[in-house]
Amino acid sequence: MEQNVILSVKNLHLDFNLRGRKLHALRGVDLDVYEGEALAIVGESGSGKSVFTKCFMGLTDKNGTISEGSIMYNGLDLSKLTKEKDWLSIRGGEIAMIMQDPMTSLNPLKTIGAQIAEAVALHQGLKGAELREKAMQYIRDVGITEPERRYRQYPHEFSGGMRQRVVIAIALACNPKILICDEPTTALDVTIQAQILQLIKDMKEKYNLTTIFITHDLGVVANIADRVAVMYAGDVIEIGTAEDIFYDAKHPYTWALLSSLPQVGVKGEDLYTIQGTAPNLFKEVCGDAFAPRNPHALKIDFVKRPPYFEVSPTHKAKTWLLDPRAPKADPPAILEKIRSGGLVNGK
Amino acid sequence: MANNREVLLDVRNLEVSFGSRSKRFVAVKNANFQIYKGETFGLVGESGSGKTTIGRAIMRINPTSGGDIIYKGRKINGKIDKELDQKVIKEIQMIFQDPQASLNERAKVDYIVSEGLLNVNKKLSKEEVTQKVHQALREVGLLPEFASRFPHEFSGGQKQRIGIARALIMEPEFIIADEPISALDVSVRAQVLNLMRELQKKRDITYLFIAHDLSVMRYITDRIAVIHKGDIVEMGNTEDVITNPIHPYTKALLSAIPMPDPAYEKKKELIVFNPLYLDYEKNPPSWTEVEQGHFILANQIDLKEWL
């Protein structure tokens, strides 16, 4: 399957300057995003997944600097953009973002109609009745009933799920090519979450979007993603199709993440927990960042950082376990359980 | 088997309402359930369903407007005498959802954990209090040295452990855990769940576990009640309810849980529950036992259709 790369990140390093100390938030990330795909980025909080996608939109905090690497989009290196003016042509129109909390991403003083129309006017240059009609169409698209009445209402008159629909409508109104969804459903109920995920999938089809989904919920990832990138301590340590990751994961960190899910827990037995804490990124990480918490760690893991080992053309992982010289480590039983559908039927 | 176990908490026809006469809103209607000693009972429902309200009514935070809450054979809602009030405060404790918001950020851990103890037992000496705080901290897997730190110095999982230590120091018999893990990270969730289970084994604590996530419920609870808009619609042993759901709302909730299996997720069909579909104008529903210990709220027509 031949796919166009729409966004290509090479060896991206991002540092934050915190009171004179340097925090190495991204440590040489390589990632290609294909046109029209749904990519999910998973990881614990602090793994750098949010900050990574913020680099695509120039939204990193002021004390953050990209010290190395490139983000190529349409022949343009986004990592070199510095002026706010340059970013305006990218933000919204090319790459749009949906934030976690629909409560804080809307303006409480404006009607939702006005907020959607604002984006339409700015990015599509419509005016008057045409503008209103277009904005109304987006409201209908995202499944808000009674658009006429809802158009004139304020965010506080909407429920959490409906607010998230409004935020999606605003993002769509910018006419973006890439839609970044940063934990869009964490603040929502399960039933509403399922509806919003479906909506994002529908809108992706309708508007030919490429979606990048950031989440820590592996269930959501299974639902939405074609490809999955697993982040740990500021690096993508494993990437592959959803099937590669869930049925045939290779990195011990991915194993640990999958094993600690309550969905896979057996009643009456302890859940698997990852020992220790994530590495301190103020210090230079030596070797594999996950090694100190890794029960399968080899000697070399503490000394030398593993490169990507290719498992299949779609699947690669950064772990020395994949080196031909490495001793064989058995993946946890949970992978077999997921592969055989034992989770779902588990009666 | 369940019938000869000791009932710790018995909730009968509980009704909780907010607001005055003209704007009265009934948050919980006619809730009935029993919690046996030593078990983990789950209340699951969406936000606004009234699950937290039930928990808070048991804690005596929200006043009830009808029905009884019987704890160890004594009514604890409404007006009760001071001695019983103290006993309830001591024996029923709560763990909150957001560890960040539920800890006083200006107080040190030492004070946060010991505050409840000092209120109930004023005669304790300083050494005894310190010793108890240290013991509680150790029990939740924190170091006693942490007592002199402030909440902001801890990670989310550690904060939740402090929240649990604060409940534990009272030596409670019954803990209401209101979404204790939904604000936590995936890997930390497992740790907190393990801790809660371990404490239950060690101290014979009974839990009322409130959450919206049925997958977590399946792992931790023995019995669950599914609550929708203030009505408990289905209740039974967790495995029975999850493998053989009968009420359409339970089915909808179950279908919404994302499972970590892409093949399953991509072909699953979402069941949407439409409450308008239930017509109870003429034919009010009643509480029916469909198999041993498995109840649903349904009228005669529903029963024919669902079973």
Side-chain angles (χ1 to χ4, degrees), chain A residues 42-46 159-160 185-186 188-195 197-198 216-226 228 241-243 245-247 256-274 277-278 293 334 337-339 341-347, chain B residues 40 44-49 155-158 181-195 197-198 201 211-222 228 238-239 242-244 249 252-273:
Chain A
V42 278
E44 289 172 79
S45 38
S159 66
T185 58
T186 355
L188 305 175
D189 268 329
V190 259
T191 45
I192 309 295
Q193 162 171 296
Q195 291 168 19
L197 293 179
Q198 190 54 49
H216 63 253
D217 186 335
L218 283 161
V220 170
V221 173
N223 180 292
I224 200 132
D226 303 327
V228 184
T241 64
E243 286 76 15
I245 301 292
F246 283 96
Y247 301 148
L257 264 191
L258 285 168
S259 308
S260 62
L261 289 176
Q263 280 101 318
V264 310
V266 177
K267 195 176 264 169
E269 289 173 21
D270 269 356
L271 285 171
Y272 180 84
T273 55
I274 306 175
T277 50
R293 308 171 78 184
I334 188 63
K337 194 171 166 192
I338 297 176
R339 199 161 27 204
L343 274 190
V344 184
N345 311 319
K347 291 184 183 174
Chain B
T40 304
V44 57
E46 287 171 83
S47 43
S49 62
S155 68
Q158 286 176 321
I181 58 161
S182 41
L184 303 177
D185 225 348
V186 248
S187 61
V188 183
R189 280 183 186 186
Q191 292 173 9
V192 171
L193 285 178
N194 283 349
L195 173 67
R197 254 172 31 83
E198 184 196 316
K201 262 190 282 177
H212 66 263
D213 188 342
L214 266 171
S215 58
V216 175
M217 286 302 209
R218 181 176 195 177
Y219 171 71
I220 192 118
T221 63
D222 302 312
H228 176 247
T238 306
E239 278 306 302
I242 285 179
T243 51
N244 181 25
Y249 180 67
L253 262 190
L254 275 168
S255 84
I257 304 176
M259 293 302 280
D261 180 347
Y264 165 78
E265 278 296 321
K266 270 159 199 162
K267 61 173 197 272
K268 95 167 169 192
E269 274 181 37
L270 207 58
I271 301 171
V272 178
F273 174 64

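Throughout, protein chains are lettered first and strands after them, A, B, ... in sequence-line order, and every chain is numbered starting at 1.
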Should A:Asp217 and A:Thr186 be marked as a side-chain contact (heavy atoms from CB on, under 4.5 Å) after you check the CA-CA gap, both sets of side-chain angles, and the distance that decides it?
CA-CA 9 Å; A:Asp217 186 335; A:Thr186 355; over 6 Å; no
From CA spacing to verdict: side-chain contact (heavy atoms from CB on, under 4.5 Å), A:Ile192, B:Glu46
CA-CA 9 Å; A:Ile192 309 295; B:Glu46 287 171 83; 4.3 Å; yes
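Highest contact tally toward chain A, considering only B:His212, B:Lys201, B:Arg197, is held by B:Arg197 [criterion: heavy-atom pairs under 4.5 Å]. Between chain A and the options B:Val188, B:Thr221, B:Ile271, the largest number of non-hydrogen pairs under 4.5 Å is found for B:Thr221. The candidate from A:Leu188, A:Asn223, A:Thr273 with the greatest count of non-hydrogen atom pairs under 4.5 Å with chain B is A:Asn223.
Only the side chain of A:Gln193 comes within contact range of chain B, with at least one heavy atom under 4.5 Å from a heavy atom of that chain. Heavy atoms closer than 4.5 Å to chain B are found in both the backbone and the side chain of A:Val190. Looking at A:Leu261, only its side chain comes within 4.5 Å of chain B, counting heavy atoms on both sides. Heavy-atom distances place the backbone of A:Val266, and not its side chain, under 4.5 Å from chain B. Looking at A:Gln198, neither its backbone nor its side chain comes within 4.5 Å of chain B, counting heavy atoms on both sides. Looking at A:Tyr247, only its side chain comes within 4.5 Å of chain B, counting heavy atoms on both sides. Only the side chain of B:Leu193 comes within contact range of chain A, with heavy atoms under 4.5 Å apart. Residue A:Ala225 touches chain B through its backbone alone, counting heavy-atom pairs closer than 4.5 Å.
A distance-only check finds a donor-acceptor pair linking the side chain of A:Ser260 to the backbone of A:Leu257 [under 3.5 Å]. No donor-acceptor pair closer than 3.5 Å links the side chain of A:Asp189 to the backbone N or O of A:Thr191. The backbone N or O of B:Met259 lies less than 3.5 Å from a partner atom in the side chain of B:Glu265, making a donor-acceptor pair.
You'll find the side chain of B:Asp261 stays beyond 4.5 Å of the side chain of A:Phe246, heavy atoms only.
When every heavy atom of A:Tyr272 is checked against every heavy atom of B:Ala190, the shortest pair comes out as O-CB, 3.5 Å. Across all their heavy atoms, A:Gln263 and B:Pro258 have their closest contact at NE2-O, 3.1 Å.
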